[in-house]
**Q** 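Quick one: structure below, then a few questions.
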Amino acid sequence: MRKMDIKRRRIAVIGAGPSGLVTAKELLEQGHDVLVFEQQSMIGGVFANHYDDLRLVSSNLLTSFGDHPSQEGEAHVWTCAEYLEYLYGYAARFELFPHIYCSTHVTSVRRDAGTGTWRVRVQSVQEGTATPRRQVPPAYIEAASSSPHPPAQEQEFEVDHVAVCAGSHQRGNSPTWPGLDDFGGDVLHSSHYWRPECFAHRRVLIVGLGESGSDIALQIAQVAQATAVSTRRGPGYVIPRYYNGQPTDVDSSRCYHAIPLPVMESSLFKLNLRLIDAYMGPDDDPKVLHRAAEINAARGLSAFRRFSTKNSAFVEALIHHGTEYKPGIERIEPGRVQFVDGTHFDCDAIVLCTGYQTQFPFFAEHHPDLVDMGTRVRGLYKRMIDPAIGTELAWIGFVRPGIGSIPPCAEMQARYFALLVSGIKQLPSSTDMTRDIETHGRLDREHFVADAERLATLTDYLRFLESVAEVIGCKPPLRQLFVSDLPTWSKVMFGPISSAQYRLTGPGARPDVARSALRAMPTMPAPTLAFKFLSLLGSKLIYSLSANEKYRSYGF
């Protein structure tokens, strides 16, 4: 279908973080009218309003969008400021700012049964309320100034489709315990934490060990009198940001991810860890790495079986700053916390790194069943579309790969959504969508046995990308590349799984850009690659000779 044949549609995109920006870009590229509503006074989503010294946990290689690769000469993990610079460059290059209403709060979304359209009601956010802690990168001030002004008063827009891209960090989740009201000290959720200085010379308990919790634990431990971290379930599988001078996700290759889990968990495959240890660099801290390995071993699950905490900062706090490692909280008393193992910790401050509630109150008035859809995305087709609603409403970016990065997943969803809205692609039948939802839901539960039920966004990175790429028609042509372009094939197979792989062919292809980005990517040392490649080939042989369901169940 030629672009001139596409019916121009009007789409509301809620949120101007990474997911909202890539969704707007893909829709605009198809010639649609796009309105992006962002509550903050600048784009960037959670990255525009986060604690000082925030650093991402995935590298520039995995975090970049496929047709706008990072221009840095080497792989590294971006700071928050660097990632905002990247996002502003992306928005400027694809001329997104004229379509983004910043300081604009979505108050209500309702479907008009008479017209089949959606009514999106918005209002301007008071100055100060929407002001984030970060600043617009100076190089993009002029481009950002082209954003339309927020409405002077409440205004309603009629649109054909709605894309919810507001992310899962909506409202801090603050659990309660017996005695909390009598604690007498400060209790702060991490969404209100900015810098550690206010905890200097104090005794602080950090509750929760996600990636932000790990960072915050180390920051506070460096200035506090004493610290402890408490976690009910322990952290995810602990992976440091860097290893041997490179981001650890350089090891997140297609070859590695394609090895079936039963093979990865075999005794033989543990030789891979010995090969990796042989390449420990001078900047690696053996004490931290070995303690992280002990924590992982105690959990009894491999890296691909759990969500990952791609951040070993809290381990550094344990090793070098005397932070205590505590189990879950039983009760809180004046000036101290009692834990389920009978120990206690005297403290005068508690920082809650306990996650967020994923709720969308703009649906509450007219569609209350959709308020908590962000916690039920495993029941959506490709984690984005309800078969009963179709393409009128999409949820984009609510995917949390166990190992990998969220932006490439959101990009794939955005590409598919734009093709569906344009009529270039059609949704499968309701029966086929339901079957796909059930299949991937079952695989998620088998794959992430400890976490899938409580983390609805959790999924396998490569499986998800390949699943969406298949319906788009942009899976990397591996056999063709092997015959005609061996250097690119080798990076597709052994380099990090980046979005550039899915820009080599199909709708939205940018083959020259993709090849250039892929060929510049680093890989792991040759011995570790050879071991994994042989493991993959051996797995294929085992599968071909065996009808064992444990191999078949991972789609191998």
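Since this is a predicted model, take the numbers as computed values, not measurements.
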**Q** How long is the span from the CG atom in L62 to the CG atom in D249, to the nearest 0.5 Å?
**A** 4.5 Å
**Q** Write down the atom of V36, the atom of A24, and the distance for their closest heavy-atom approach.
**A** CG2-CB, 3.7 Å
**Q** Tell me whether the count of non-hydrogen atoms from other residues, nucleotides or ligands lying under 6.0 Å of CD in E142 goes above 12.
**A** no
**Q** From M373 CE over to R376 CZ, what is the distance, rounded to the nearest 0.5 angstrom?
**A** 4.0 Å
**Q** Should R400 and E211 be marked as a salt bridge (Lys or Arg N to Asp or Glu O under 4.0 Å) after you check the CA-CA gap, both sets of side-chain angles, and the distance that decides it?
**A** CA-CA 13 Å; R400 205 286 195 189; E211 287 155 345; 3.7 Å; yes
**Q** Is the backbone N or O of A452 less than 3.5 Å from a side-chain atom of R378, with the two atoms forming a donor-acceptor pair by type?
**A** yes
**Q** Can you confirm whether the side chains of H440 and R463 place a donor and an acceptor under 3.5 Å from each other?
**A** yes
**Q** If only atom types and distance count, is the side chain of D285 paired as donor or acceptor with the main-chain N or O of K287 below 3.5 Å?
**A** yes
**Q** Looking only at non-hydrogen atoms, find the nearest pair between S252 and I403 and report the distance.
**A** OG-CG2, 3.5 Å
**Q** Looking at OG of S58 and CD1 of I406, how far apart are the two atoms once the value is rounded to the nearest 0.5 Å?
**A** 8.5 Å
**Q** Counting distance only, does the side-chain N/O of Q338 pair as donor-acceptor with the main-chain N or O of G342 below 3.5 Å?
**A** yes
**Q** Return the orientation label for the F37 and Y101 ring planes: parallel under 30°, perpendicular over 60°, tilted otherwise.
**A** tilted
**Q** Could you please spell out the steps behind the salt bridge (Lys or Arg N to Asp or Glu O under 4.0 Å) verdict for D182 and R331?
**A** CA-CA 11 Å; D182 300 322; R331 66 181 183 274; over 6 Å; no
**Q** Can you check whether D53's main-chain N or O pairs, donor with acceptor, with R195's side chain at less than 3.5 Å?
**A** no
**Q** Does the Q71 side chain pair with the main chain of P69, one donor and one acceptor, at a distance under 3.5 Å?
**A** yes
**Q** Ignoring hydrogens and angles, tell me if any N or O in the side chain of D186 forms a donor-acceptor pair with the backbone of A349 under 3.5 Å.
**A** no
**Q** What do you reckon, is CZ of R232 surrounded by more than 12 foreign heavy atoms closer than 6.0 Å?
**A** no
**Q** Under the 3.5 angstrom rule, does the side chain of D283 hit a backbone N or O of G245 as a donor-acceptor pair?
**A** no
**Q** Testing the 3.5 Å rule here: is there a donor-acceptor pair between the side chains of T459 and D444?
**A** yes
**Q** Testing the basics here: between G234 and Y325, what is the closest heavy-atom pair and its distance to 0.1 Å?
**A** CA-OH, 4.1 Å
**Q** How are the rings of W395 and F363 set relative to one another: parallel (under 30°), tilted (30 to 60°) or perpendicular (over 60°)?
**A** tilted
**Q** Evaluate the criterion salt bridge (Lys or Arg N to Asp or Glu O under 4.0 Å) for residue pair R241 and D215; output intermediate values, then yes/no.
**A** CA-CA 11 Å; R241 286 186 173 100; D215 269 338; 2.8 Å; yes
**Q** Can you check whether H76's main-chain N or O pairs, donor with acceptor, with N60's side chain at less than 3.5 Å?
**A** yes
**Q** Donor-acceptor check, side chain of S214 to backbone of F314, threshold 3.5 angstrom: yes or no?
**A** yes
**Q** Establish, from distance only, whether the side-chain atoms of Q39 and H105 form a donor-acceptor pair under 3.5 Å.
**A** yes
**Q** Among side-chain atoms of K326 and T343, is any donor-acceptor pair under 3.5 angstrom?
**A** yes
**Q** With sequence neighbours excluded, what pairs up with A414 under the side-chain contact (heavy atoms from CB on, under 4.5 Å) test?
**A** V22, T23, E26
**Q** Is the ring pair F65/Y86 parallel, tilted or perpendicular, if the boundaries are 30 and 60 degrees?
**A** tilted
**Q** Is it the case that the side chains of S191 and H189 hold a donor-acceptor pair, with the cut-off being a distance below 3.5 Å and no angle test?
**A** yes
**Q** With a sphere of 6.0 Å drawn around CD of E74, does it hold more than 12 non-hydrogen atoms of other residues, nucleotides or ligands?
**A** no
**Q** I need the minimum non-hydrogen distance between A163 and I396, along with the two atoms involved.
**A** CB-CD1, 4.4 Å
**Q** Distance only, no hydrogens: is a donor on one side chain within 3.5 Å (strictly under) of an acceptor on the other, for Y193 and Q219?
**A** yes
**Q** Begin from the C-alpha positions of D348 and R202 and carry the test salt bridge (Lys or Arg N to Asp or Glu O under 4.0 Å) through to its verdict.
**A** CA-CA 7 Å; D348 55 23; R202 302 180 67 182; 3.3 Å; yes
